[in-house]
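Residues: numbered from 1 along the sequence shown.
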Amino acid sequence: KQELAQKYKFQISSLIFFILTLVIGLKGTIGSDYGSYYLDFIYVKEYYEDNFQFKTQSLDFVYEFLANLVVSTELTFNYLSLLIGAIFIVSIIFFACKEKDYLFKILIFLSYHYYILGMGYIRQGLSIAFILFFIHFWRDQKIILSLVFFILAVLSHKFSICYGFLIFIR
């Protein structure tokens with residue numbers, strides 16, 4: 001059994017990543033912020049179609065950048081959700097690969113999954129994804145890279161600046 005699992009580890013991991021990304025990315029109208037995110041996306045798209053340029057809406061920079069990227073490639077809101085869903089799943093994988101406590105991994109994933117799917121907080125979830133990357137690279141003592149992800153977290157949602165205290169713990 002162990003040999004079989006090792007032999008197909010990449011295929012199994014890829015399938016799990018793909019399924020989780022689809023589930024999170026195409027969650028539909030679930031969550032309290034879905035409508036506002038969709039309307040923001042429509043606003044960006046209409047402004048781009050009328051003026052062939054982007055206008056900031058004073059949202060958080062990284063989320064706006066991703067929305068503008070999707071609009072400029074003439075894709076729909078679902079692709080923005082898929083892109084952010086992929087970032088969520090990758091951040092969990094990076095965080096979990098160094099964590100030794102199996103139950104803690106499950107707790108993190110289920111809490112995160114509930115938070116994103118159940119409540120629909122896209123920008124906040126994106127920020128948490130970057131915080132998990134920040135923690136992962138901080139553990140590996142890749143200070144510059146971890147600070148880049150901390151800055152991305154703050155630029156995704158300003159509340160993540162509260163996690164700045166993690167810089168002083170080690």
Between [atom1] of [X] and [atom2] of [Y], what distance do you get to the nearest 0.5 Å?
| X | Y | atom1 | atom2 | value |
| --- | --- | --- | --- | --- |
| Tyr38 | Phe77 | OH | CZ | 8.5 Å |
| Leu39 | Glu46 | CG | CD | 9.5 Å |
| Leu69 | Leu83 | CG | CG | 7.0 Å |
| Lys45 | Asn68 | NZ | CG | 13.5 Å |
| Leu147 | Leu152 | CG | CG | 11.0 Å |

Measure across [X] and [Y] and return the closest heavy-atom pair with its distance rounded to 0.1 Å.
| X | Y | answer |
| --- | --- | --- |
| Val70 | Leu80 | CG2-CA, 3.8 Å |
| Phe130 | Ile87 | CE2-CG2, 4.4 Å |
| Ser160 | Ala153 | OG-O, 2.8 Å |

### Query
Ring centres of Phe133 and Phe149 under 6.0 Å apart?
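Ring-ring flag for Phe133/Phe149: true, centres closer than 6.0 Å.
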### Query
Taking the six-membered ring for Trp, are the ring centroids of Tyr63 and Tyr37 within less than 6.0 Å of each other?
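Yes.
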Under 4.5 Å between any side-chain heavy atoms of [X] and [Y], yes or no?
| X | Y | value |
| --- | --- | --- |
| Tyr48 | Ser72 | yes |
| Phe88 | Ile128 | no |
| Phe150 | Trp138 | no |
| Gln53 | Tyr47 | yes |
| Ile135 | Arg139 | yes |
| Ile151 | Leu155 | yes |
| Ile84 | Leu66 | yes |

Linking I/L/V/M/F/W/Y whenever any side-chain heavy atoms sit under 4.5 Å apart, do [X] and [Y] land together?
| X | Y | answer |
| --- | --- | --- |
| Phe61 | Ile161 | yes |
| Val71 | Leu75 | yes |
| Ile143 | Phe134 | yes |

### Task
Please work out whether the ring planes of Phe94 and Phe137 are parallel, tilted or perpendicular, with thresholds of 30° and 60°.
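If you compare the ring of Phe94 with that of Phe137, the planes turn out tilted.
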### Query
Are side-chain N/O atoms of Ser127 and Ser156 paired as donor and acceptor at under 3.5 Å?
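Judged by distance alone, the side chains do not pair up.
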